[in-house]
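Just below is one structure, and these are the notes that go with it.
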Amino acid sequence: TPSKSTMMAPVEHVISVVNGALAARCGRHHEDPEMLGSVRKNRLDIPLDEILRIYRVARTESDRETRVPEKLMHRESQRLFFDGQLVDMSEGWKQCIEPDVIRQVPDDFDVLFDFAVEAQAELLARVGPEDPDKYDRATLSKMWPAGGRWMNPHASSKALFAYNPGPKSRKDAHVKAFVQFAPSEGPRRYRHLIDLARVGLVYSDAALLNSALDDIIEKFEVCQIRNFYHPNTQNVLGDRFVEVLVILHNDSNLSVPHVCEIRLEELSYFEARERAFPYLRAVQKGFSEIYAPTGRDPAAIEYLVKYVLEYPKKDHRVKIFRRHLAQKWGCITNVWRSLLAPKDQLVSFRKFRDVCCQQAQRENAVRLWQELDASFSGTLSLFELDPHTVILLSKLYARLLVIIHGLNEEMTAETLFAHITHNVPKLHHPDRLE
């Protein structure tokens with residue numbers, strides 16, 4: 001029997017996926033028709049339909065050039081395991097060991113951003129010119145400004161050109177850190193920004209891209225490869241590319257080691273992304289307008305829309321795992337308090353693996369961990385494991401603060417409890433809600 005999502009029209013499915021993610025994060029019911037309102041058709045349906053059409057055309061061009069990029073579609077993503085060995089994800093999952101942590105050195109945003117500007121210049125020097133020492137970094141930045149191209153880049157002779165998107169802006173970096181990492185990492189959220197310095201390599205077809213990926217692995221210290229051609233990691237828009245994280249070490253040109261991003265993509269998808277950009281902005285603005293009554297930060301809403309559209313949905317195993325935990329323990333919060341982190345705010349991989357073993361999920365422990373550990377920090381918070389509950393608890397806490405502020409009498413736990421339960425006819429226990 002086909003699932004509900006596969007029976008939907010493409011635009012309907014995409015809107016459902018994005019609206020579900022936004023509603024969950026905002027603590028709203030994602031099937032509430034009032035959330036979409038009258039702006040949907042012009043602000044969402046029309047631009048989304050155009051985006052999907054653009055990527056369908058790009059895929060047709062890609063398949064025509066390489067007769068379907070079979071090798072690349074079956075090439076696994078990779079990650080550092082075994083204290084620094086780059087291996088296929090499936091091998092790491094099979095061994096059931098913790099993947100290596102990936103993060104920046106500084107926690108302070110201003111310090112990190114200054115290092116990122118240095119790393120951007122160094123990354124361009126190592127990717128573009130044949131002799132990286134021929135130009136000083138200031139001169140190279142003028143020769144190859146943000147938005148510019150470097151034809152026949154030295155780092156990959158198979159590429160048509162390298163593209164310099166410039167370092168991520170301070171505003172975008174703040175929003176990403178706030179949305180993705182602040183709930184679990186708080187003030188340390190900025191160290192998980194691993195795409196501040198970035199560059200793109202563009203190829204005529206997928207076969208050349210697949211071959212060039214091996215060259216990148218040889219020339220750079222690679223810590224992760226995410227292959228968005230693979231069926232398990234494709235996004236809802238149909239965009240396909242390969243994301244490579246590399247480490248530039250501190251030498252004469254860098255103050256500290258820095259994690260950078262190299263994006264490999266075909267020309268058809270590169271051009272599709274540029275054509276789709278204004279329509280994507282329209283979709284972001286449309287959802288931001290829909291969710292304006294919730295009082296959420298519009299920039300955060302727009303970032304989350306972009307993230308959900310451009311990155312793959314979480315593995316279905318995560319949903320099943322959460323459901324099993326809730327069925328056995330009543331709710332995931334009980335699991336957290338009893339087994340995972342009764343006295344801590346964060347849980348380690350070892351404790352998480354132990355719980356997976358209790359659920360007969362040992363073979364999926366690493367895969368589940370990677371799906372939940374979005375920051376690659378090596379720890380999980382309750383927010384990653386059960387975001388809906390954390391959001392509801394946050395709303396309850398905010399409501400309690402309003403109540404406390406409005407009461408004139410001296411506040412005690414008993415007084416507050418009596419106030420919030422005054423409409424309950426009869427409590428089985430006078431000091432406890434069940």
Side-chain angles (χ1 to χ4, degrees), residues 5 15-32 35 175-189 192-193 235-236 287-288 290-291 294-342 344-349 351-352 355-356 359 361 364-365 367-400:
S5 63
I15 290 177
S16 176
V17 170
V18 177
N19 192 43
L22 291 174
R25 191 67 186 265
C26 296
R28 299 289 293 267
H29 196 286
H30 75 279
E31 295 182 356
D32 184 354
M35 290 302 300
V175 173
K176 178 175 182 176
F178 171 73
V179 174
Q180 278 196 256
F181 312 129
S184 59
E185 287 290 279
R188 299 182 300 176
R189 59 187 178 272
H192 303 298
L193 293 169
N235 60 34
V236 294
F287 273 110
S288 177
I290 289 170
Y291 278 83
T294 66
R296 301 301 187 267
D297 182 1
I301 294 292
E302 291 175 16
Y303 171 80
L304 191 55
V305 170
K306 186 173 185 290
Y307 178 82
V308 173
L309 290 175
E310 294 185 347
Y311 283 83
K313 291 178 64 177
K314 286 193 180 298
D315 194 311
H316 186 63
R317 292 175 182 85
V318 175
K319 184 176 182 179
I320 296 174
F321 179 67
R322 287 170 171 159
R323 184 183 300 159
H324 285 173
L325 290 178
Q327 287 175 347
K328 183 173 182 179
W329 293 89
C331 67
I332 295 177
T333 309
N334 289 339
V335 183
W336 185 269
R337 292 170 176 168
S338 303
L339 298 180
L340 286 169
D344 302 314
Q345 294 182 352
L346 301 173
V347 65
S348 66
F349 172 77
K351 284 188 176 181
F352 180 81
V355 172
C356 288
Q359 298 295 312
Q361 291 284 335
N364 291 322
R367 182 180 296 193
L368 292 168
W369 177 265
Q370 287 182 288
E371 287 286 334
L372 294 168
D373 182 21
S375 65
F376 311 136
S377 63
T379 56
L380 290 182
S381 70
L382 179 58
F383 180 79
E384 279 93 12
L385 199 59
D386 191 5
H388 183 66
T389 296
V390 173
I391 291 168
L392 291 180
L393 288 172
S394 300
K395 294 177 71 174
L396 174 62
Y397 177 71
R399 178 60 181 161
L400 291 177

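- Residues C26 and I391 approach most closely at C-CG2, 4.3 Å, considering heavy atoms.
- Here the CG atom belonging to L22 is positioned 5.0 Å from the OH atom belonging to Y291, to the nearest 0.5 angstrom.
- Under the 3.5 Å distance criterion, the side-chain polar atoms of R25 are matched with a main-chain donor or acceptor of V179.
- Considering every non-hydrogen atom in both F178 and P183, the closest pair reads O-CD, 3.6 Å.
- Put simply, the side chain of Q327 reaches to within 4.5 Å of the side chain of R323, judged on heavy atoms.
- Atom CD of E371 sits about 12.5 Å away from atom CZ of F321, to the nearest 0.5 Å.
- Annotation for V318 and L372: closest pair CG1-CD2, 3.9 Å, computed over non-hydrogen atoms.
- Of all heavy-atom pairs between V236 and L309, the closest is CG2-O, 3.7 Å.
- R322 CZ to K319 NZ: the interatomic distance, rounded to the nearest 0.5 Å, is 10.5 Å.
- From T389, atom OG1 reaches atom CG of L396 across 12.0 Å, with rounding to the nearest 0.5 Å.
- Put simply, CG on L304 and OG on S288 are 11.5 Å apart, with the number rounded to the nearest 0.5 Å.
- The one candidate from Q345, E384, R189 that meets the side-chain hydrogen bond (donor to acceptor under 3.5 Å, both in side chains) condition with S184 is E384.
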Stepwise side-chain contact (heavy atoms from CB on, under 4.5 Å) test for W336 and D386: CA-CA 10 Å; W336 185 269; D386 191 5; over 6 Å; no

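- Rounding to the nearest 0.5 Å places OG of S381 at 12.0 Å from CZ of F181.
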Intermediate values then yes/no, side-chain contact (heavy atoms from CB on, under 4.5 Å), L346 and E185: CA-CA 9 Å; L346 301 173; E185 287 290 279; 4.2 Å; yes

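- With hydrogens and angles left out, the side-chain atoms of H192 and Q180 include no donor and acceptor closer than 3.5 Å.
- Of all non-hydrogen atoms in N334 and W329, the two that sit nearest each other are ND2-O, 2.9 Å.
- Shown here for L368 and C356, the closest heavy-atom pair between the two residues is CD1-SG, 4.2 Å.
- D373 places a side-chain N or O within 3.5 Å of a backbone atom of S377 that can act as its donor or acceptor partner.
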